Trainee: 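The structure that follows is given in the form of structure tokens.
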Amino acid sequence: MQNVDGNHRPSDDSRSLSQGLNPTVSRHWRDVFWLLIFMVHLTVVGLALGVLGLNRFKTKDRLNIDRYTMGFLENKDGLTEDYWRFYAVAGGVGTVLGWIWLLLLGSRATQIMKFSVHILTTYLAVISVLCFWCKQFFWGVAFAIGASLQFLYVISVIDRLPFTMLVLQRAVKMVWNIPEVLQVACIFMLFMLLWLALWSFGSAGVVALSIGDSGRWWLLVVLSVSLFWTGAVLCNVVHVIVSGMVFLVLFHGGQEATSMPPKPLMNSLRYAFTTSFGSICYGSLFTAAIRTLRWEIRGLRSKIGKNECLLCCVDFLFHLVEFLVRWFNKYAYVQIAVYGKNFNRSAKDAWELFQSTGVEALIAYDCSGAVLLMATLLGGLIAGTCAGVWAWIKHSDRVMMVGSTAMLMGMILVGLATVVVESAVTSIYICYAEDPSLINRWDSAFFTLISEKLHQRLQHRSARAREVLSHNIDYQIQEAGTI
């Protein structure tokens with residue numbers, strides 16, 4: 001383990017790593033309540049999707065649902081298959097983009113990530129203009145705000161991108177040498193496509209439903225939240241599987257090491273779908289939203305300057321989000337994969353490990369998660385655009401309903417590909433905090449670079465703390481003199 005002064009010392013936790021990674025050690029079921037909630041949710045939503053889709057499949061109002069809305073809401077003609085084909089396009093485009101990402105991971109991953117960072121702002125601005133042209137003013141404003149926030153965020157972290165790309169390159173190198181995890185991502189995309197076939201069937205039935213625009217939007221929002229949670233759960237299952245594999249490779253010094261446990265991939269898969277599945281369901285509800293909010297606040301905080309009032313407000317939000325991050329962070333999934341802890345315990349232990357070793361300063365500087373999110377967003381926008389353009393040609397009044405929900409489908413499919421790299425990044429940081437010699441053995445040049453950057457960030461934090469302390473002392477002296 002590493003102290004904040006940059007020196008290394010043995011970790012108490014590292015001595016128990018072999019026990020946590022041992023497949024013969026029995027694990028207890030964690031967060032079972034959230035496992036049951038997720039399964040009940042999946043059953044209820046699945047039945048609702050089937051009913052909504054069948055109601056207008058080939059026959060209008062097959063299940064006589066319109067009788068409950070007749071007389072006080074609009075009743076238009078429309079069939080499920082009229083809109084289902086648009087979602088099929090989104091699913092196909094999202095799958096192709098995800099597979100292209102995985103195929104080019106070893107040779108063009110860095111170029112793809114750089115392209116995503118620089119093109120996303122332009123793409124959002126173009127979609128905003130198209131929305132205004134189509135007289136969709138709400139969506140035009142929403143995409144314009146998104147383009148502005150994306151531009152401001154990239155400007156605020158532009159100096160961090162070289163280090164971020166270095167970390168991502170090493171993560172890509174790691175997963176490319178473990179082809180099993182790439183196969184897992186492809187298989188999970190196929191599983192996700194099966195659920196998306198049912199989800200899009202029900203959503204197409206909602207778009208064709210005769211309950212008015214407001215009723216359709218509310219139903220689509222509910223279904224989108226359900227899809228987001230389901231997609232996040234599958235992505236985080238992949239996260240846990242890949243994290244377990246990467247950690248094993250780093251800990252044992254390679255896949256061919258004699259100390260490697262038998263069938264490591266199957267053991268990671270078994271834990272992810274049994275004892276740890278409840279923890280994955282629980283964390284998937286909150287982690288993504290809190291992490292995105294933290295990135296935006298950090299970027300804004302670094303560019304405020306000396307505006308005391310605004311800085312005070314942002315600092316309040318910053319400390320609130322930092323408190324939430326202590327209990328909900330993506331590094332918990334590595335602890336879940338290795339030790340089988342519940343989610344909150346895993347998140348807390350991971351964050352305390354980073355803070356006690358000073359590695360938290362390095363994580364705060366790294367933007368790899370944001371860069372991968374940009375690639376995911378760009379993939380979702382492309383899928384949503386393809387479906388939206390066709391919907392505008394055929395049914396221009398439903399273009400935003402189809403386009404926005406199709407974008408979410410594309411994001412989830414591409415996210416199943418990008419999460420492989422993100423899992424490797426989180427495992428590398430956990431290993432570096434637990435036992436830096438693991439990283440040194442794997443890649444000594446990367447170990448030297450990351451250690452130098454950590455030393456720089458700790459010096460920067462110390463200098464900033466001294467500056468704040470000096471400013472506060474001067475202010476108190478001035479106040480005392482005035483009194």
Side-chain angles (χ1 to χ4, degrees), residues 86-87 89-105 107-131 139-140 142-158 160-161 164-165 167-169 171-172 185 189 192-193 196 224 227-228 231-232 235 238 288-289 291-292 295-296 299 367-391 400 402-423 425:
F86 305 141
Y87 290 113
V89 169
V93 171
T95 305
V96 169
L97 290 174
W99 282 346
I100 289 174
W101 166 269
L102 292 174
L103 288 172
L104 299 180
L105 195 58
S107 58
R108 294 288 184 270
T110 304
Q111 291 85 341
I112 292 173
M113 287 183 282
K114 288 181 179 178
F115 176 79
S116 301
V117 170
H118 295 296
I119 202 65
L120 183 57
T121 303
T122 304
Y123 203 105
L124 286 168
V126 170
I127 293 179
S128 174
V129 172
L130 290 175
C131 288
W139 290 100
F143 281 112
I145 292 173
S148 302
L149 290 175
Q150 164 69 9
F151 177 76
L152 291 173
Y153 178 77
V154 172
I155 292 298
S156 68
V157 300
I158 194 73
R160 306 182 193 178
L161 291 180
T164 297
M165 290 301 170
V167 174
L168 288 171
Q169 285 171 2
V172 167
M189 278 189 204
M192 192 69 230
L193 276 174
L196 286 175
S224 296
L227 179 62
F228 179 83
C235 284
V238 176
R291 183 177 50 172
T292 305
W295 288 334
E296 294 294 341
C367 304
S368 56
V371 170
L372 292 171
L373 178 61
M374 292 175 198
T376 303
L377 282 171
L378 183 61
L381 286 168
I382 293 173
T385 302
C386 293
V389 168
W390 193 13
M400 295 315 300
V402 173
S404 58
T405 46
M407 183 183 76
L408 180 59
M409 290 175 58
M411 284 179 59
I412 290 172
L413 290 167
V414 177
L416 284 167
T418 59
V419 75
V420 174
V421 179
E422 188 171 22
S423 303
V425 172

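All values derive from a computational prediction rather than experimental measurement.
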Trainee: State, to 0.1 Å, how close Val420 and Ala185 come at their nearest heavy-atom pair, and which atoms those are.
Mentor: CG2-CB, 3.6 Å

Trainee: Considering only heavy atoms from C-beta outward, does the side chain of Leu161 approach that of Lys114 to under 4.5 Å?
Mentor: no

Trainee: Kindly give the heavy-atom pair with the smallest separation between Gly410 and Ala383, and that separation in Å.
Mentor: CA-CB, 3.8 Å

Trainee: Step by step, would you call Leu413 with Leu196 a side chain to side chain contact (heavy atoms under 4.5 Å, CB included)?
Mentor: CA-CA 10 Å; Leu413 290 167; Leu196 286 175; 3.8 Å; yes

Trainee: Got a sec, which pairs hit side-chain hydrogen bond (donor to acceptor under 3.5 Å, both in side chains) with one end in residues 375-385, sequence neighbours left out?
Mentor: Tyr123-Thr385, Thr376-Thr418

Trainee: Closest approach of Val414 and Gly379, non-hydrogen atoms and distance?
Mentor: CG2-CA, 4.0 Å

Trainee: On a heavy-atom basis, which atom in Ser128 and which in Gly140 lie closest, and how many Å separate them?
Mentor: OG-O, 2.7 Å

Trainee: If the condition is side chain to side chain donor-acceptor pair (under 3.5 Å), which residues does Thr121 pass it with, not counting sequence neighbours?
Mentor: none

Trainee: Is there side-chain contact between Leu120 and Leu381, with heavy atoms separated by less than 4.5 Å?
Mentor: yes

Trainee: Does Ser116 use its side chain to pair, donor to acceptor, with the backbone of Met374 at less than 3.5 Å?
Mentor: no

Trainee: Val167 pairs by side-chain contact (heavy atoms from CB on, under 4.5 Å) with which of Val172, Val425, Val421?
Mentor: Val425

Trainee: Which distance, rounded to the nearest 0.5 Å, do you find between the CZ of Phe143 and the CG of Leu130?
Mentor: 10.0 Å

Trainee: Between Trp139 and Cys131, is there a donor-acceptor pair closer than 3.5 Å when you use the side chain of the first and the backbone of the second?
Mentor: no

Trainee: If you look at every heavy atom in Leu193 and Gly91, which pair is closest and at what distance?
Mentor: CD2-O, 4.0 Å

Trainee: Rounded to the nearest 0.5 Å, how far does CH2 of Trp101 lie from CG of Leu372?
Mentor: 5.5 Å

Trainee: Do Leu102 and Met189 have side chains that get closer than 4.5 Å, going by heavy atoms?
Mentor: yes

Trainee: Are side-chain heavy atoms of Met192 and Leu227 found at a separation under 4.5 Å?
Mentor: yes

Trainee: To the nearest 0.5 Å, what is the distance between OG1 (Thr164) and CE (Met113)?
Mentor: 10.0 Å

Trainee: For the atom pair CE (Met411) and CG (Leu416), what is the distance rounded to the nearest 0.5 Å?
Mentor: 11.5 Å

Trainee: Tell me the closest heavy-atom pair linking Phe115 and Leu378, and the distance in Å.
Mentor: CE2-CD2, 4.0 Å

Trainee: Do Met165 and Leu168 make a side-chain contact, defined as non-hydrogen atoms from C-beta onward lying under 4.5 Å apart?
Mentor: yes

